[in-house]
Amino acid sequence: MGMDLAALLQNLAERATPEAETGRLRLPTERELVASLDMSRGALREQLSMLEILGFLDRTQGRGSYLDAPDAHFIRLYFDLCRQLGHLSNEQFSSAREMLEVSVAEAAARKATADDVDDLRDLVDQMIRASSDGNDDCALEADLEFHSRLYRIVDNPIFTLLHDGLSHALRSEVVERRRVAVEREPLLPGKTRVIDTVHYGIVEAIGERDTEGARLAMRRHFTVWSSLTGGN
């Protein structure tokens with residue numbers, strides 16, 4: 001008899017035993033699982049293969065099978081499929097990213113060290129230098145790294161997982177938005193682009209441990225981008 005994957009995971013967790021050396025949850029052999037779960041070996045192997053693809057299972061020949069927590073690949077796959085199937089829109093992704101990053105900026109203002117603040121400021125400097133040199137690809141990468149750095153400062157695995165999934169799904173949109181913003185804000189000699197310099201406000205608020213200021217600075221960041229891209 002078969003069972004859905006959620007029920008199977010629960011049953012596997014109940015039967016797994018922590019490995020003394022690593023603490024990893026090791027599963028019984030396939031023969032033992034077939035007997036205890038009342039499943040055919042073919043059905044069990046099919047569902048174990050699915051769990052392995054999703055990242056819930058790590059199977060190594062000669063070592064055994066272990067329960068595992070999926071990495072960002074799982075949530076990236078989920079978000080990508082939902083967007084392709086029309087269950088989630090680009091507007092919903094963008095809105096979720098903004099709400100998440102406003103909260104992350106606030107949390108970063110509580111947790112950031114002086115070195116963290118220096119790193120963030122350096123990334124904004126890199127954005128501006130790259131933009132001034134006409135290297136929009138490098139400016140984009142510095143921009144993306146700036147936001148990723150905030151998540152690493154906060155160091156909450158739930159936020160990090162969501163960020164990895166959202167940033168992957170939104171990357172093409174972010175690329176397009178920067179392209180449009182650059183076209184609509186021509187860079188004059190000796191000047192800088194507000195899409196880059198707006199990040200300094202976030203850095204300063206975080207450096208001052210101003211949680212409300214960090215929230216407002218991040219909101220202004222998204223407002224500036226929307227004003228230049230028309231919400232595209």
A.B. asks: Given side chains that start at C-beta, do those of Leu9 and Leu67 come closer than 4.5 Å, heavy atoms only?
C.D. replies: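 Heavy-atom side-chain distance check passes, below 4.5 Å.
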A.B. asks: For Glu46, look at atom CD and say whether over 12 heavy atoms of other residues, nucleotides or ligands are found less than 6.0 Å away.
C.D. replies: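 At most 12 heavy atoms, drawn from other residues, nucleotides or ligands, come within 6.0 Å of this atom.
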A.B. asks: Would a distance-only check, ignoring hydrogens and angles, find a side-chain to backbone donor-acceptor pair under 3.5 Å from Arg76 to Gly165?
C.D. replies: no
A.B. asks: Run the salt-bridge test on Arg215 and Glu106 with the 4.0 Å N-O cut-off and return the result as yes or no.
C.D. replies: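 Yes.
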A.B. asks: Side-chain contact test, heavy atoms from C-beta onward, threshold under 4.5 Å: evaluate it for Met39 versus Gln47 and give yes or no.
C.D. replies: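 Side chain of Met39 against side chain of Gln47, heavy atoms only: contact under 4.5 Å found.
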A.B. asks: Looking only at heavy atoms, what is the nearest atom pair of Val174 and Arg97, with distance?
C.D. replies: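 The answer is CG2-NH1, 3.9 Å.
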A.B. asks: Do the rings of Tyr151 and His163 sit parallel, tilted or perpendicular, given the 30° and 60° boundaries?
C.D. replies: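 Rings of Tyr151 and His163: parallel, under 30°.
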A.B. asks: Measure from the ring center of His73 to the ring center of His168 and say whether it is less than 6.0 Å.
C.D. replies: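 Not close enough - the centres of the two rings lie 6.0 Å or further apart.
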A.B. asks: Under a 4.0 Å N-O cut-off, is there an ion pair linking Lys111 with Asp155?
C.D. replies: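 Here Lys111 does not pair with Asp155 in a salt bridge, since their nearest N and O are not under 4.0 Å apart.
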A.B. asks: Checking the side chain of Arg184 only, and the main-chain atoms of Leu228 only, is there a donor and an acceptor separated by less than 3.5 Å?
C.D. replies: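 Looks like yes, one N/O pair under 3.5 Å.
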A.B. asks: Would one find more than 12 heavy atoms of other residues, nucleotides or ligands at under 6.0 Å from atom CZ of Arg219?
C.D. replies: no
A.B. asks: Taking salt bridge (Lys or Arg N to Asp or Glu O under 4.0 Å) as the definition, give me every residue that meets it alongside Arg179, ordered by chain and number, with sequence neighbours left out.
C.D. replies: Glu176, Glu183
A.B. asks: Residues in side chain to side chain donor-acceptor pair (under 3.5 Å) with Thr113, at least two apart?
C.D. replies: Asp116
A.B. asks: According to a hydrophobic-cluster definition based on side-chain heavy atoms being under 4.5 Å apart (Ile, Leu, Val, Met, Phe, Trp, Tyr only), do Leu85 and Leu77 belong together?
C.D. replies: no
A.B. asks: Is there a continuous path of hydrophobic side-chain contacts, each under 4.5 Å between heavy atoms, that joins Val102 to Met99?
C.D. replies: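 Hydrophobic grouping puts Val102 apart from Met99.
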A.B. asks: Transitively linked via ILVMFWY side-chain contacts under 4.5 Å: Leu48 with Tyr66?
C.D. replies: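 Different clusters: Leu48 never reaches Tyr66 through Ile, Leu, Val, Met, Phe, Trp or Tyr contacts under 4.5 Å.
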A.B. asks: Is the shortest heavy-atom distance from the side chain of Arg171 to the side chain of Leu144 under 4.5 Å?
C.D. replies: yes
A.B. asks: So, for Arg209 and Ala112, which heavy atoms are closest and what is the spacing to 0.1 Å?
C.D. replies: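 In this case the closest contact between Arg209 and Ala112 is NH2-O, 2.9 Å.
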A.B. asks: Do the charged groups of Glu52 and Arg45 touch, with an N to O distance under 4.0 Å?
C.D. replies: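 No.
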A.B. asks: Taking OH in Tyr200 as the centre, count heavy atoms belonging to other residues, nucleotides or ligands within less than 6.0 Å. Is the count above 12?
C.D. replies: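 Enclosed: over 12 neighbouring heavy atoms sit under 6.0 Å from OH of Tyr200.
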